[in-house]
Amino acid sequence: MNNLALNIQDLCKSYGDKQAVDRLNLQVKRGEFYALLGANGAGKTTTLRMIAGLLEPDSGDAAIAGHSITETPMAAKQVLAYVPDEPLLYGKLRPMEYLEFVAGLWSIPPNVAQPTAQDLLERMELWDARDKFCESFSRGMKQKLMLAAAFIHSPTLMILDEPLLGLDASAARLVKDMIAEFIREGNSVVMTTHIMEIAERIASRIGIIRDGRLLAEGSLDELAHQAGTTDGTLESIFISLTSA
């Protein structure tokens with residue numbers, strides 16, 4: 001069985017004269033937490049949006065659990081969950097209604113969707129807000145509801161763009177614990193973040209991109225070796241590699 005959750009091959013995307021993603025090659029194994037780091041404009045979000053099917057690549061391809069995003073996009077999306085950096089909700093829906101709506105998009109029967117949605121709201125500590133409209137939620141609450149929606153159809157690969165943005169310490173710990181459990185079950189996560197200590201603590205492997213290309217990749221120790229630094233913090237390694 002193919003051991004790759006994600007296999008990106010020569011992926012390219014440009015906006016006019018700017019090459020946002022330039023022949024990117026990257027692999028993520030099943031059961032792996034992969035942190036994708038880069039400065040603003042490095043191509044992280046463009047890459048994630050192409051994987052999620054929100055942007056069409058100019059060339060190249062990516063396979064999610066063996067399903068090509070260009071040749072078999074529906075099959076690829078079936079095993080994928082994507083959480084953008086800005087929560088996108090229907091403000092006039094209540095949280096249970098929103099999760100049941102998302103479940104319906106995945107053709108999950110109501111008798112399965114309802115208890116699953118309730119369990120997710122309870123785990124995300126949103127159950128007490130079940131009668132409130134989403135438009136009244138704080139940014140952190142919206143972010144947690146988006147994450148709950150990502151779990152609703154039991155994906156095997158989760159793409160998270162700055163998932164902890166707007167969360168307080170307690171909520172961030174809750175989300176990290178749920179992601180860790182997701183990984184332990186054999187699933188995979190690709191995450192972008194500007195919080196280096198988060199990537200340093202919880203990522204199995206880290207990739208650093210610059211100008212749309214993979215600059216360096218590996219564990220923290222492997223990245224330190226590539227950077228030629230004795231300071232083992234990811235922040236110092238990142239600065240050393242991207243400023244060279």
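Since we're looking at a predicted model, the values are computed, not measured. Along the sequence shown, residues are numbered consecutively beginning with 1.
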Taking all atoms of both residues into account, what is the closest heavy-atom pair of Leu241 and Leu215, and its distance?
O-CD2, 3.4 Å
Asp131 backbone acceptor or donor facing Arg94 side chain under 3.5 Å:
yes
Approximate separation, where rounding is to 0.5 Å, of Leu37 CG and Ile195 CD1
11.5 Å
Is it the case that the side chain of Asp58 and the backbone of Ser14 share a donor-acceptor pair, with hydrogens and angles ignored and the cut-off at 3.5 Å?
yes
Verdict with supporting geometry, Gln19 and Cys12, side-chain contact (heavy atoms from CB on, under 4.5 Å):
CA-CA 8 Å; Gln19 191 72 36; Cys12 293; 3.8 Å; yes
Using 0.5 Å steps for rounding, measure from the CD1 atom of Ile183 to the CD1 atom of Ile179.
8.0 Å
Are Leu54 and Leu88 connected in the hydrophobic side-chain network, where two residues link if heavy atoms are under 4.5 Å apart?
no
What about Met158 and Leu120, same hydrophobic cluster or not, with Ile/Leu/Val/Met/Phe/Trp/Tyr joined at side-chain heavy-atom distances under 4.5 Å?
yes
Do Glu222 and Gln226 pair up side chain to side chain, a donor and an acceptor below 3.5 Å, judged on atom types alone?
no
Is there side-chain contact between Lys176 and Leu164, with heavy atoms separated by less than 4.5 Å?
yes
When rounded to the nearest 0.5 Å, the distance separating CZ of Arg213 from CG of Asp22 is 4.0 Å
Leu126 and Leu145: which non-hydrogen atoms are nearest, and at how many Å?
CD1-N, 3.7 Å
So which atom in Ile239 and which in Ser243 form the shortest heavy-atom distance, rounded to 0.1 Å?
O-OG, 2.5 Å
Over all atoms of both residues, closest heavy-atom pair of Pro57 and Met50
CA-SD, 3.6 Å
Kindly check if the number of other-residue, nucleotide or ligand heavy atoms within 6.0 Å of CD (Glu122) is above 12?
yes
Do Leu80 and His67 touch side chain to side chain, with heavy atoms closer than 4.5 Å?
no
Are any non-hydrogen side-chain atoms of Tyr98 and Ile152 less than 4.5 angstrom apart?
no
Rounded distance [0.5 Å steps], CG in Leu24 versus CG in Asp211
12.0 Å
Give a yes or no on whether Leu89 and Phe151 share a hydrophobic cluster (residues Ile, Leu, Val, Met, Phe, Trp, Tyr; joining criterion: side-chain heavy atoms under 4.5 Å apart).
yes
Less than 4.5 Å apart, any side-chain heavy atom of Asn40 and any of His194?
yes
Supply the atom-to-atom distance Thr193 OG1 to Ile202 CD1, rounded to the nearest 0.5 angstrom.
8.0 Å
Evaluate the side-chain contact (heavy atoms from CB on, under 4.5 Å) criterion for residues Lys13 and Arg49: first the C-alpha distance (whole Å), next the side-chain angles of each, then the deciding distance (0.1 Å), finally the verdict.
CA-CA 11 Å; Lys13 184 67 180 180; Arg49 287 176 177 170; over 6 Å; no
Do Leu121 and Met96 come within less than 4.5 Å of each other through their side chains, counting heavy atoms only?
yes
Is a side-chain donor or acceptor of Asp161 paired with a backbone partner of Thr45 at a separation under 3.5 angstrom?
no
Would you say the side chain of Ile108 lies within less than 4.5 Å of the side chain of Thr116, judging by non-hydrogen atoms?
no
Any chain of hydrophobic side-chain contacts (each under 4.5 Å) joining Leu55 to Ile209?
yes
Short side-chain to backbone donor-acceptor contact, Lys44 and Ala39, under 3.5 Å
yes
NZ/NE/NH1/NH2 to OD/OE distance under 4.0 Å, Arg139 and Glu86:
yes
Could you go through Asp221 and His225, starting from their C-alpha distance and side-chain angles, then the distance that decides it, and tell me whether this counts as side-chain contact (heavy atoms from CB on, under 4.5 Å)?
CA-CA 6 Å; Asp221 289 341; His225 178 74; over 6 Å; no
Val83 vs Pro163 side-chain heavy atoms within contact, under 4.5 Å:
no
Glu217 and Tyr34: which non-hydrogen atoms are nearest, and at how many Å?
OE2-OH, 2.7 Å
Please identify which of these residues, Gln143, Met146, Met141, Met178, meets the side-chain contact (heavy atoms from CB on, under 4.5 Å) condition with Met124.
Met178
Stacked cation flag Arg205 on Phe33, 6.0 angstrom / 45 deg:
no
Run the salt-bridge test on Arg23 and Asp10 with the 4.0 Å N-O cut-off and return the result as yes or no.
no
Backbone N/O of Ser68 and side chain of Thr72: donor-acceptor pair under 3.5 Å
yes
Shared ILVMFWY cluster between Met191 and Ile206, side chains joined below 4.5 angstrom?
no
Approximate separation, where rounding is to 0.5 Å, of Ser170 OG and Glu125 CD:
5.5 Å
Which word best sums up how the rings of His153 and Trp106 line up, parallel for under 30°, tilted for 30 to 60°, or perpendicular for over 60°?
parallel
More than 12 heavy atoms from other groups under 6.0 Å of CZ on Arg201
yes
So Leu214 and Asn25, do their side chains get closer than 4.5 Å, heavy atoms only?
no
Where Gly140 and Leu167 come nearest, the two heavy atoms and their spacing
O-CD2, 3.4 Å
For atom CD of Glu135, is the number of surrounding heavy atoms from other residues, nucleotides or ligands below 6.0 Å larger than 12?
yes
Under the criterion side-chain contact (heavy atoms from CB on, under 4.5 Å), I'd like the reasoning laid out for Thr46 against Tyr15: C-alpha separation, chi angles, the key distance, then a yes or no.
CA-CA 10 Å; Thr46 297; Tyr15 300 103; 3.3 Å; yes
